[in-house]
Amino acid sequence: MSASVQQLALVDCNNFYVSCERVFRPDLRHTPVVVLSNNDGCVVSRSNEAKALGVKMGQPWFQAQDLAEAHGILALSSNYALYADMSNRVMQILSAFSPRQEVYSIDECFVDLTGMPEPKAIGLQIRERVNAWTGIPVCVGIGPSKTLAKLANHIAKKHPRSPGVFNYNALTPAQQTKLLAQIAASEVWGVGRRLTAQLQAQGIHSVQDLRNAHTPTLRSAFGVVMEKTQRELQGTACMDLEEAPSAKKQIIASRSFGQPVQALPVLQDAVSSFVANACSKLRAQNSQAALIQVFLQTNRFRKDQPQYSPCLAVPLPQATNDSLVLNRWAAALAERMYRPDYLYKKAGVMLSDITPAGQHQTDWLEPTAPTQTPLMHALDQLNQRYGRGTVKVSGQGAYSAWQMKQERKSPNYTTDWQNLPCV
DNA sequence: TCTCCGATTAGAC
DNA sequence: CTAACGGTCTAATCGGAGA
């Protein structure tokens, strides 16, 4: 008896951010809608109608302005509180279908259906239940590896007669070959724009070409990652399901400003807000950092203006996750780099050299600090209960000149009583 | 020559 | 009227510095 093939399902929400908005705005069900990135900069989610009109993923919104006006495309600022909450509901529902689940991103989840009868029927049930309980449409792809589950999901989404679920494992070898020959290699997970071009130059156009390519040649030209991808396409799982999210090795908090900023105190205010943000992520995973970096940036799209993008780091005498301590370092770094004659458009804070909290590289000369001050703990609790930004480190939020543009945000329907829609 | 490390590249979403 | 272009994260690989 041969070992049975893994039945791995990838559940992917359709046009996720737009779908979240539509749950609370059913009137938008048939109008073209897009959701914009932070600062209302780029298009990050599109309804099918918007896609059909030619709005591109990642397109700067101002470039789509004419098209938008001509066709009445509605643009919304991103509402992450809403999307995170809807995502949690979806993932919660999926967890009932299998003991093994990997939340891969805000709108995608791998669910291990190995050993269960009728995986396709389960896929259909997943689709139905998620839609009934949350209003979010999803597609399900099933395959023997993550890469093939992803590809199967793509087929479930794109195939005209698809019921929204596609099981690659149900195909005969001949059907697999025929199908993969019809799909462009660029659809494969891990094959982006650059690699697509390089593969083409080697005569590799379809997924089948890639699956069939001479392995040592592929390996020497493209490295280990591509070899893994090829093996996954051949049906051998090389990537494990990661059920628990692993601790971040690097944490970045940064933002483009709503308008150019010139004054140091405003920059420092922004930076202190980024420190607060990064530190709360750090504490949430129970870690500490031993290196902090701050960077400033002028607007790189303004070729007519002088450019300056400094970045400065300090190794800390002692690893910490204390916002107050890190904020003092960050403010000093910002001051060191600051030059008054520039218009800054973006800044950020980076924490690295991350270790579990409490693991001390003790220094004989430095007194050891407690791993988590009661003050920081209280701050996290309050901000968690009453919303981010309820309690702030002094300096943070004193100036609002840098705040991002968010002119089209929908209400926080699910996370703020004040915003409950009246039925 | 080897090893280490920071910078760069590529990708995902 | 003009200007308007995201944020985080990882792993592999490259290229130079130093041992």
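In what follows, chains are A, B, ... by sequence order, proteins preceding strands, each numbered from 1.
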**OP:** Take the protein atom CE of A:Met226 and the nucleotide atom P of B:dA10, then report the distance between them rounded to whole Å.
**Re:** 12 Å
Original post:
Rounding to a whole Å, what distance do you find between A:Phe222:CZ and B:dT9:C1'?
Top reply: 14 Å
Original post:
Which whole-number value in Å describes the distance from A:Gln198 CD to C:dT13 C1'?
Top reply: 13 Å
Original post:
Which atom names give the shortest non-hydrogen contact between A:Gln7 and A:Asp112, and what distance separates them?
Top reply: O-OD1, 3.4 Å
Original post:
Do A:Glu187 and A:Lys158 meet the salt-bridge criterion of a basic N to acidic O distance under 4.0 Å?
Top reply: no
**OP:** Mind calculating the distance between CZ (A:Phe295) and C1' (B:dG6) to the nearest angstrom?
**Re:** 17 Å
Original post:
A:Leu151 versus A:Leu180: any side-chain heavy-atom pair under 4.5 Å?
Top reply: yes
Original post:
A:Arg194 CZ to B:dA12 C1': how many Å, rounded?
Top reply: 15 Å
**OP:** Give the B/S/- string for nucleotides 4-9 of chain C, one per nucleotide from 5' to 3', where a protein heavy atom under 4.0 Å of the base yields B, of only the sugar-phosphate yields S, and otherwise -.
**Re:** BBSSSS
Original post:
For A:Ser256 and A:Asn39, does a side-chain donor sit closer than 3.5 Å to a side-chain acceptor?
Top reply: no
Original post:
Touch check for A:Leu195, heavy atoms < 4.0 angstrom, all strands: base, sugar-phosphate only, or nothing?
Top reply: sugar-phosphate
Original post:
Rounded to the Å, how far apart are A:Met239 CE and B:dG11 P?
Top reply: 15 Å
Original post:
Separation of A:Met350 atom CE from B:dA7 atom C1', in whole Å?
Top reply: 12 Å
Original post:
Could you give the CD-to-P distance, from A:Glu227 to C:dA12, as a whole number of Å?
Top reply: 13 Å
Original post:
Should the pair A:Arg339-A:Asp341 be classified as a salt bridge under the 4.0 Å nitrogen-to-oxygen rule?
Top reply: no
Original post:
Considering the options A:Thr320, A:Thr355, A:Asn321, which one meets the side chain to side chain donor-acceptor pair (under 3.5 Å) requirement together with A:Gln288?
Top reply: A:Thr355
Original post:
Using the C1' atom in both, what is the distance from C:dG6 to B:dG11, to the nearest Å?
Top reply: 16 Å
Original post:
Who is the Watson-Crick or G-U wobble partner of C:dA11, with both distances under 3.5 Å?
Top reply: B:dT9
Original post:
Do A:His214 and A:Thr217 have a side chain donor and acceptor closer than 3.5 Å?
Top reply: yes
Subject >> C:dA4 - base-pair partner by Watson-Crick or wobble geometry, distances under 3.5 Å >> reply: none
